[in-house]
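Please read the structure below before turning to the comments.
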Amino acid sequence: MTDTPTPVLAPTAFQRRLLEWFDEHGRHDLPWQFWRTPYRVWVSEIMLQQTQVATVIPYFERFMARFPDVQSLAAAEQDEVLHLWTGLGYYARGRNLHKAARVVVDEHGGEFPLHSLEEMAAMPGIGRSTAGAIVAQSQGRRAVILDGNVKRSLSRLHAVPGWPGRVAVEHRLWELAEHYTPHERLADYTQAMMDLGATLCRRGTPECGRCPFNDVCLAHARGEERRFPESKPRKALPTRTTRMLLLRDARGRVLLEQRPASGLWGGLWSLPQFDEAAALQAWLDVHAPGSRLDAPRAPFTHVFSHFRLEITPQPARVERLDSIGETRRWYDPDNPDAVGLAAPVKALLASLATFTLDTPPGP
DNA sequence: AAGTCGGGGAC
DNA sequence: GTCCCAGACTT
């Protein structure tokens with residue numbers, strides 16, 4: 001991933017299209033827009049990290065009413081700051097906000113170090129993008145942002161492959177963001193980029209018909225807007241193992257157990273399950289003494305949404321079993337009851353109907 | 001590079 | 001239910 005960005009538009013053309021769209025269709029009346037002090041922009045940017053605008057607005061209003069400036073925030077107890085953060089999530093943001101306020105007051109004389117992006121980004125809770133957003137929005141000075149909205153828009157516009165969480169992909173997106181960022185109207189441009197991603201170039205249903213870049217967007221040309229940005233790679237599903245007891249009586253019936261009413265396979269009928277062979281044997285010793293184990297059948301895998309279950313069927317024979325209770329039943333594979341069965345259990349039982357126990361096939 | 005932090009919206 | 005959101009920080 002060493003190739004340089006290949007912008008689809010010259011910076012001036014990009015900026016003209018974007019700002020023209022923003023002037024007519026952008027958001028111009030968010031609470032932190034009408035009085036863009038560094039403090040208000042800062043608080044809004046922190047609250048907006050990984051949090052949608054509609055959620056933030058009431059928190060922002062309450063916060064500003066109680067802490068109208070950085071001095072009042074620095075003077076507050078952390079408990080009160082976190083009280084106002086309750087329900088917003090990511091509470092480290094609130095703690096860092098409070099810490100940073102004290103840094104501003106104690107080490108910077110009550111003024112944000114806006115002249116230095118590095119110093120801004122060194123403050124607790126302020127990273128590269130947030131520092132750029134604060135400087136651009138409150139000072140109108142050239143600074144680059146790369147939030148989720150910008151990543152989405154730019155990765156679509158250029159069909160940037162790869163997950164933005166990867167360093168090389170993020171680096172390329174920063175380069176593109178840098179390429180397009182103007183030297184004027186920084187507050188509007190920054191807001192426009194976020195508005196584009198939030199209202200038009202949305203994750204699920206982008207409105208390409210209204211997009212000022214739909215004639216040059218590479219993802220749109222391919223009809224693959226939804227493929228960009230690429231999703232975080234799915235982690236390999238964890239695998240759990242289990243043994244299922246295939247206990248058959250002299251008539252060839254199989255013992256089933258009903259699952260708990262809620263949870264996995266809730267209310268369905270399944271085979272008795274055990275994590276370990278020893279546990280299975282112990283259960284037999286108690287409930288079916290004198291039963292005999294046959295050779296385990298070949299394990300097979302059942303896939304759930306969040307894990308794989310490797311099942312080892314363990315056939316056994318028993319002469320009789322007393323008082324099996326309400327949550328157990330004998331099931332005749334050749335004359336099946338009308339009950340719910342877990343899918344792999346159904347497959348196992350179906351295989352029993354046409355084959356004998358001594359010539360076990362896979363399910 | 002991967003894990004953690006969180007409540008809520010969209011689907 | 002899953003996936004993601006105006007990311008930053010820790011390990």
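Below, chains carry the letters A, B, ... as their sequence lines are ordered, and counting in each starts from 1.
Using modelled atom types, no side-chain atom of A:Glu20 and backbone atom of A:Pro212 make a donor-acceptor pair closer than 3.5 Å. Within the 3.5 Å criterion, the main-chain N or O of A:Asp195 finds no donor-acceptor partner in the side chain of A:His25. The closest donor-acceptor contact from the side chain of A:Arg317 to the backbone of A:Arg292 lies at 3.5 Å or more, if one exists at all.
Listed nucleotides: C:dG7, B:dA1, B:dG8. Nearest to the side chain of A:Gln52: B:dG8. Distances were taken from every side-chain heavy atom of A:Arg152 (C-beta onward) to each of C:dG7, C:dC4, C:dC5; the shortest belongs to C:dC5.
Backbone-only contact: A:Met123 has heavy atoms under 4.0 Å from sugar-phosphate atoms and none from a base. Among the heavy atoms of the strands, none lies under 4.0 Å from A:Gly204. A:Glu170 comes within 4.0 angstrom of no nucleic acid atom, judged by non-hydrogen atoms across all strands. Here A:Val167 lies in heavy-atom contact (under 4.0 Å) with sugar-phosphate atoms only. Using a 4.0 Å heavy-atom distance criterion, A:Leu97 is classed as making no nucleic acid contact. Using a 4.0 Å heavy-atom cutoff across all strands shown, A:Ile46 reaches no nucleic acid atom at all.
Whole-Å rounding puts the A:Gln49 CD to B:dG7 C1' distance at 15 Å. In this structure, OH of A:Tyr59 is placed 13 Å from P of B:dG6, rounded to the nearest angstrom. A:Leu88 has its CG atom 14 Å from the C1' atom of B:dG9, to the nearest Å. Atom CZ in A:Arg95 sits about 9 Å away from atom C1' in B:dC5, given to the nearest Å. Here the P atom of nucleotide B:dC5 and the NZ atom of A:Lys232 are 13 Å apart, to the nearest Å. Nucleotide C:dC4 holds its P atom 16 Å from the CG atom of A:Asp147, rounded to whole Å. The distance between atom CG of A:Asn96 and atom P of C:dC9, rounded to the nearest whole Å, is 6 Å. Distance CE (A:Met47) to C1' (B:dG8): 16 Å, rounded to an integer number of Å.
Of the side-chain N and O atoms in A:Thr205, none sit less than 4.0 angstrom from OP1 or OP2 of B:dA10. When the side-chain nitrogen and oxygen atoms of A:Gln50 are compared with OP1 and OP2 of C:dG7, one or more of them lie within a distance under 4.0 Å.
Ring to ring, A:Phe213 and A:Phe14 are close: their centroids are under 6.0 angstrom apart. For A:His158 and A:Phe228, the ring centers are positioned 6.0 Å apart or more.
For A:Tyr90 and A:Arg203, each mapped to the nucleotide of DNA chain C holding its nearest heavy atom, the one lying further toward the 5' end belongs to A:Arg203. Between A:Ala54 and A:Tyr91, the residue anchored nearer the 5' end of DNA chain B, judged by the nucleotide with its closest heavy atom, is A:Tyr91. Closest-nucleotide positions on DNA chain B for A:Trp163 and A:Thr51 were compared, and the one nearer the 5' end corresponds to A:Trp163.
Here the separation of B:dG6 from C:dT10, taken at their P atoms, is 14 Å to the nearest Å.
A donor-acceptor pair shorter than 3.5 Å can be found between the side chains of A:Thr205 and A:Arg202.
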